[in-house]
Amino acid sequence: GAGVSQSPSNKVTEKGKDVELRCDPISGHTALYWYRQSLGQGLEFLIYFQGNSAPDKSGLPSDRFSAERTGGSVSTLTIQRTQQEDSAVYLCASSFSPDRGFNYTFGSGTRLTVV
Amino acid sequence: AQTVTQSQPEMSVQEAETVTLSCTYDTSESDYYLFWYKQPPSRQMILVIRQEAYKQQNATENRFSVNFQKAAKSFSLKISDSQLGDAAMYFCAYRSGLGYALNFGKGTSLLVTP
């Protein structure tokens, strides 16, 4: 597509439920990143994909968080047993392989509210 | 890990005036890239300007320019002839030369008044 698409745009969930956030990157972008933006904070790195592999998962805050990418394209970030502290905007970005440059395109994010 | 610090949580500027947003970073690397991103209420991060550390010349994009002081590890953004549409959150970010992910500061909220 023309840009990075994220869905849903907003999600309200009850504490303890599981949620799935979707990111559809720009076609041809092999690298994909998930970030979390809590209220009043900068963007916190969560995970990096190169193709379908995730060489860096170091930013995932707990084992309740997981992500996968299939077909070198769409990625899903799953949060199990959501907690109130998981409330944040989850942003996805994609780019060509990092050694080919540094033009990152961001989506508009999913605002997750855990009640 | 590299730390990016934006010491101004909020800034205000009058339309048509000039404003400078501050950013400092901490790194032991010599090869890296620095970025300024704008985040309007739509939440999408928009690249404003980028600077390669090996370049001594400060980057410029129309009304936006940077003052890159490598020795001082400072990377400020100057916005000239401010417009109402410049109102947004501005984030400074760092990327290692051999890295991949961006490391962000906490942002500066810019208000533009008529």
Side-chain angles (χ1 to χ4, degrees), chain A residues 2-11 21 23 25-26 29-51 53-60 88-112, chain B residues 1-11 21-26 29 31-55 59 61 75 77 88-110:
Chain A
V4 176
S5 178
Q6 290 189 247
S7 59
S9 179
N10 294 284
K11 175 74 176 178
L21 312 181
C23 173
I26 288 177
H29 279 188
T30 58
L32 186 146
Y33 314 81
W34 283 98
Y35 287 86
R36 179 169 71 174
Q37 185 177 18
S38 302
L39 187 64
Q41 301 295 312
L43 278 69
E44 171 191 14
F45 168 77
L46 297 179
I47 189 169
Y48 157 60
F49 285 94
Q50 180 59 42
S53 301
D56 188 351
K57 305 178 184 179
S58 63
L60 294 177
V89 174
Y90 291 82
L91 287 161
C92 174
S94 70
S95 72
F96 290 113
S97 178
D99 60 358
R100 287 183 55 190
F102 24 68
N103 288 318
Y104 302 85
T105 302
F106 283 81
S108 295
T110 295
R111 181 180 298 280
L112 176 66
Chain B
Q2 293 79 21
T3 303
V4 178
T5 302
Q6 294 180 249
S7 59
Q8 306 153 317
E10 294 181 352
M11 290 286 283
L21 307 184
S22 301
C23 173
T24 59
Y25 57 95
D26 185 22
E29 300 176 333
D31 180 25
Y32 54 87
Y33 306 95
L34 296 165
F35 305 78
W36 278 99
Y37 278 88
K38 172 183 177 181
Q39 187 182 41
S42 67
R43 302 195 304 240
Q44 186 179 22
M45 301 287 280
I46 301 166
L47 178 66
V48 174
I49 202 165
R50 178 184 66 228
Q51 175 82 40
E52 292 88 336
Y54 63 84
K55 290 187 178 178
E61 288 287 341
F75 183 61
L77 174 70
M89 283 292 293
Y90 286 81
F91 291 93
C92 178
Y94 172 104
R95 200 206 92 172
S96 170
L98 295 178
Y100 40 83
L102 297 170
N103 186 12
F104 287 87
K106 292 188 176 183
T108 296
S109 177
L110 179 65

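Atoms considered below: every heavy atom in the structure, side chains included; atoms not considered: hydrogens, waters and symmetry mates. Chain identifiers are assigned alphabetically (A, B, ...) following the order of the sequence lines, protein sequences preceding nucleic acid strands; residue numbering begins at 1 within each chain. Quick caveat: nothing in here was measured; it's all calculated off a predicted structure.
- Residues B/Tyr37 and A/Tyr104 keep their aromatic ring centres 6.0 Å or farther apart.
- The line from OG of A/Ser38 to NZ of B/Lys106 is 10.5 Å long, rounded to the nearest 0.5 Å.
- Residues A/Ser108 and B/Ser42 approach most closely at CB-O, 3.6 Å, considering heavy atoms.
- Only the side chain of A/Gln37 comes within contact range of chain B, judged by heavy atoms closer than 4.5 Å.
- Neither the backbone nor the side chain of B/Gln6 has a heavy atom closer than 4.5 Å to any heavy atom of chain A.
- Here the side chains of B/Gln39 and A/Leu91 are in contact, with some heavy-atom distance below 4.5 Å.
- A donor-acceptor contact shorter than 3.5 Å links the side chain of B/Arg43 to the backbone of A/Ser9.
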Stepwise side-chain contact (heavy atoms from CB on, under 4.5 Å) test for B/Leu102 and A/Tyr35: CA-CA 10 Å; B/Leu102 297 170; A/Tyr35 287 86; 3.5 Å; yes
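- Between the side chain of B/Gln44 and the main chain of A/Gly107, no donor-acceptor pair closer than 3.5 Å is present.
- With chain B as the partner, the residue from A/Thr105, A/Leu43, A/Asp56 showing the most heavy-atom pairs under 4.5 Å is A/Leu43.
- With a 4.5 Å cut-off on non-hydrogen atoms, A/Thr110 touches chain B through its backbone but not through its side chain.
- Looking at B/Leu98, neither its backbone nor its side chain comes within 4.5 Å of chain A, counting heavy atoms on both sides.
- Side chain of B/Tyr100 to backbone of A/Phe49: no donor-acceptor contact under 3.5 angstrom is found.
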